[in-house]
S.K.: 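Have a look at this one before I ask anything.
Predicted model, so just to flag it, every value in this text is computed and none were measured.
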2 protein chains.
Amino acid sequence: MITPKIIPQYRRLFEILRKHILEGIYKEGDLLPSEYELCQLYGMTRPTVRQSLSTLANEGYIRKHQGKGSIVHNLPREIGILSVAGTTSAVGNRNLKTTIIVKPVLVQWPSDFMFPLTELEKESGCIYMERVRFLDDIPIFYDITYIANINLPRITSRQFENRSLFQILRDHYNIEIKGGDQRIKAITATSKTGRLLHLRKEQPVLHLERKLETNNPGLFLYSSIFCNTEKYSIFGRF
Amino acid sequence: MITPKIIPQYRRLFEILRKHILEGIYKEGDLLPSEYELCQLYGMTRPTVRQSLSTLANEGYIRKHQGKGSIVHNLPREIGILSVAGTTSAVGNRNLKTTIIVKPVLVQWPSDFMFPLTELEKESGCIYMERVRFLDDIPIFYDITYIANINLPRITSRQFENRSLFQILRDHYNIEIKGGDQRIKAITATSKTGRLLHLRKEQPVLHLERKLETNNPGLFLYSSIFCNTEKYSIFGRF
DNA sequence: TTATTTAACTTGTATTTACAAGTAAAAATA
DNA sequence: TATTTTTACTTGTAAATACAAGTTAAATAA
């Protein structure tokens with residue numbers, strides 16, 4: 001069923017201004033029209049305009065200065081992943097799309113796996129998948145995911161397109177991510193990585209190897225993530 | 001000079017709720033009091049309460065659900081190397097050596113500094129230093145440190161060779177690191193970076209930009225760290 | 001001319017009011 | 001009993017209004 005949802009006014013203005021910034025109509029360092037001008041231009045009241053601007057500021061598109069105005073700050077965007085479970089929650093409610101490179105399949109674990117495995121994990125086999133995640137149509141993450149095939153019926157037939165792996169695990173299997181380990185390196189893009197992330201060969205790529213713990217004590221999620229940090233940075237708080 | 005600034009109401013409520021969450025009075029998954037209840041409890045109107053809650057939501061402490069309420073989401077903050085204050089504690093008790101590239105000097109802040117600065121910071125000027133840290137005689141970190149020159153007498157004449165900056169700040173100025181933000185990118189080594197880290201030019205380097213909060217509310221530490229991850233990975237837990 | 005003050009304009013904070021829309025549990029119905 | 005409907009309560013969106021506080025440039029005074 002299609003939902004002809006009414007888009008809130010503040011959201012509409014947010015999208016317009018965001019588009020203008022991304023298209024370069026407002027450039028880095030420019031002052032946006034004042035709140036009062038935006039009210040008149042778009043027929044809204046100031047609280048509504050301010051909600052648009054505060055959303056823009058939260059996502060890093062502008063910086064507000066009291067007495068001065070809103071200044072465009074279209075710097076490389078930041079993506080939070082260092083302390084957050086998945087790439088979906090890392091990017092907030094921005095325009096995130098996913099394409100599947102390798103659908104979930106049951107395979108043997110690689111012989112030289114990046115983390116040591118328990119006997120149970122080795123015996124259970126490995127659910128393997130590859131995805132590329134796009135932010136505003138720019139490929140940002142090339143995720144290779146490995147999960148031990150322990151109590152995950154029918155997972156290989158589920159639809160992962162544009163959905164969060166973690167959400168599927170939570171909704172269908174009651175699996176929550178509790179924490180994890182990770183290693184980070186800067187490496188040079190291989191030809192495959194470069195192709196998937198639209199990078200020239202030999203370009204630097206961020207490589208994360210992660211082991212995530214779940215509320216199921218024996219079950220871990222492993223992932224090898226290659227990040228295109230040319231335009232977006234990865235950020236974290238601690 | 002101490003500024004007895006008036007703290008806005010919404011900020012006051014934000015701090016109270018944040019503290020309650022961090023102290024565990026509201027636990028992960030709990031529902032916060034409803035907006036109306038908070039209004040009555042703290043004698044504010046709903047827009048004001050909503051501003052507090054939206055700030056909490058933006059910083060990841062709660063999640064709001066229409067029709068349901070605000071649910072506490074006190075994500076485990078990062079710990080470990082990526083979250084640890086300095087590079088000294090990052091490498092444990094291994095053989096860490098430090099050489100000073102640029103001794104601490106008082107300079108102007110760079111015009112396009114990596115983080116926004118307060119007026120006080122801008123006025124105070126910037127203590128600048130560059131160091132390279134070796135692990136087992138391999139250069140691993142090239143640190144550029146920036147500190148606002150606020151209440152740090154004689155810091156430029158102190159001895160930083162083979163000592164932790166954080167230890168000096170703690171021992172001599174009673175400054176403790178409380179937390180911070182960081183951004184991570186994979187970049188290509190510049191000629192200077194490559195030379196200092198013994199890398200061929202064009203090699204990938206991990207670049208961290210960090211803003212560290214201290215127990216002194218107005219004082220932050222900034223650093224730009226270039227990591228040679230050829231042999232060692234950066235690791236972290238969360 | 002130079003320095004200071006003023007005025008105009010900007011965003012920040014806050015109240016009041018109203019209705020829309022989502023959620024969950026109680027009440028009514030089959 | 002099981003299902004559906006209603007109701008109460010929650011957050012979401014939006015307007016109109018007021019004053020505080022920071023910034024900038026024009027007007028004024030030295």
Side-chain angles (χ1 to χ4, degrees), chain A residues 1-18 21 26 29-73 92-93 171, chain B residues 1 3-17 21 26 29-73 116-123 218:
Chain A
M1 197 178 78
I2 299 151
T3 46
K5 270 203 180 162
I6 294 157
I7 295 165
Q9 290 189 64
Y10 83 88
R11 195 79 204 170
R12 213 189 78 218
L13 178 56
F14 164 80
E15 298 288 359
I16 290 169
L17 294 173
R18 179 176 167 280
I21 291 169
Y26 299 122
D30 283 2
L31 270 173
L32 244 47
S34 78
E35 295 179 354
Y36 181 69
E37 285 174 305
L38 290 171
C39 291
Q40 295 201 312
L41 273 168
Y42 295 96
M44 302 170 182
T45 58
R46 198 154 84 97
T48 309
V49 165
R50 279 178 66 75
Q51 201 170 349
S52 309
L53 295 179
S54 108
T55 310
L56 280 170
N58 277 326
E59 301 201 4
Y61 291 97
I62 60 168
R63 286 193 180 164
K64 310 192 80 191
H65 293 275
Q66 186 173 357
K68 206 170 172 188
S70 301
I71 294 172
V72 174
H73 186 71
N93 46 10
D171 294 351
Chain B
M1 197 179 76
T3 47
K5 269 203 179 163
I6 294 157
I7 294 165
Q9 290 188 64
Y10 84 88
R11 194 79 205 170
R12 211 189 79 219
L13 178 54
F14 164 81
E15 299 288 359
I16 291 168
L17 293 173
I21 291 169
Y26 298 122
D30 283 2
L31 271 173
L32 244 47
S34 79
E35 295 180 353
Y36 278 114
E37 286 175 303
L38 290 172
C39 292
Q40 297 200 313
L41 273 167
Y42 296 95
M44 301 170 182
T45 58
R46 198 153 82 96
T48 308
V49 166
R50 280 178 66 74
Q51 200 171 350
S52 309
L53 294 179
S54 108
T55 310
L56 280 171
N58 278 325
E59 302 201 3
Y61 291 98
I62 61 169
R63 290 205 175 153
K64 310 192 78 190
H65 293 274
Q66 186 173 356
K68 207 171 171 185
S70 301
I71 294 172
V72 174
H73 186 72
L117 295 167
T118 64
E119 278 311 310
L120 176 60
E121 287 179 310
K122 282 182 201 161
E123 289 164 11

S.K.: Measure from CZ on B/R11 to C1' on C/dG12 and round the result to the nearest Å.
M.R.: 13 Å
S.K.: Is the phosphate of D/dT13 approached by A/T48 (side-chain N or O, under 4.0 Å from OP1 or OP2)?
M.R.: no
S.K.: Would you say A/E37's side chain and A/S34's backbone share a donor-acceptor pair under 3.5 angstrom?
M.R.: yes
S.K.: A/Q66 has an atom CD; how far is it from atom C1' of D/dT24, in whole Å?
M.R.: 14 Å
S.K.: Between D/dT11 atom C1' and B/Y36 atom OH, what is the distance in whole Å?
M.R.: 9 Å
S.K.: Whole Å only: how far is the CD1 atom of A/I7 from the P atom of D/dG12?
M.R.: 18 Å
S.K.: Between the main-chain N or O of A/Q51 and the side-chain N or O of A/T55, is there a donor-acceptor pair closer than 3.5 Å?
M.R.: yes
S.K.: Rounded to the Å, how far apart are B/L13 CG and C/dT15 P?
M.R.: 12 Å
S.K.: Students often get this wrong, so: under 4.0 angstrom with heavy atoms, is B/S34 touching a base, only sugar-phosphate, or nothing?
M.R.: sugar-phosphate
S.K.: Can you work out whether B/K64 or A/G67 has the more 5'-proximal nearest nucleotide on DNA chain D?
M.R.: B/K64
S.K.: How is B/P8 classified with respect to the nucleic acid when contacts are heavy atoms under 4.0 Å: base, sugar-phosphate, or nothing?
M.R.: sugar-phosphate
S.K.: Look at atom CD of B/E15 and say whether more than 12 heavy atoms of other residues, nucleotides or ligands are closer to it than 6.0 Å.
M.R.: yes
S.K.: Just by distance, with hydrogens left out, do A/Y36 and A/Q40 show a side-chain donor and acceptor under 3.5 Å apart?
M.R.: yes
S.K.: Compare side-chain N and O positions of B/R50 against OP1 and OP2 of D/dG12 and report whether any pair is under 4.0 Å apart.
M.R.: yes
S.K.: For A/S54, is there any backbone N or O sitting under 3.5 Å from a side-chain donor or acceptor partner on A/N58?
M.R.: yes
S.K.: Rounding to a whole Å, what distance do you find between B/E35:CD and D/dA8:C1'?
M.R.: 16 Å
S.K.: In this structure, how many angstroms lie between the P atom of C/dT15 and the CD atom of B/Q51, rounded?
M.R.: 10 Å
S.K.: Let me know, please, whether A/R46 or B/G69 comes out on the 5' side of the other along DNA chain D by nearest nucleotide.
M.R.: B/G69
S.K.: Which nucleotide sits closest to the side chain of B/M44: C/dT15, D/dG12, D/dT23?
M.R.: C/dT15
S.K.: Closest nucleotide of DNA chain C for B/K68 versus for A/K68: which of these residues is on the 5' side?
M.R.: A/K68
S.K.: Expressed in angstrom and rounded to an integer, what is the separation of B/Y10 atom OH from C/dT15 atom P?
M.R.: 13 Å
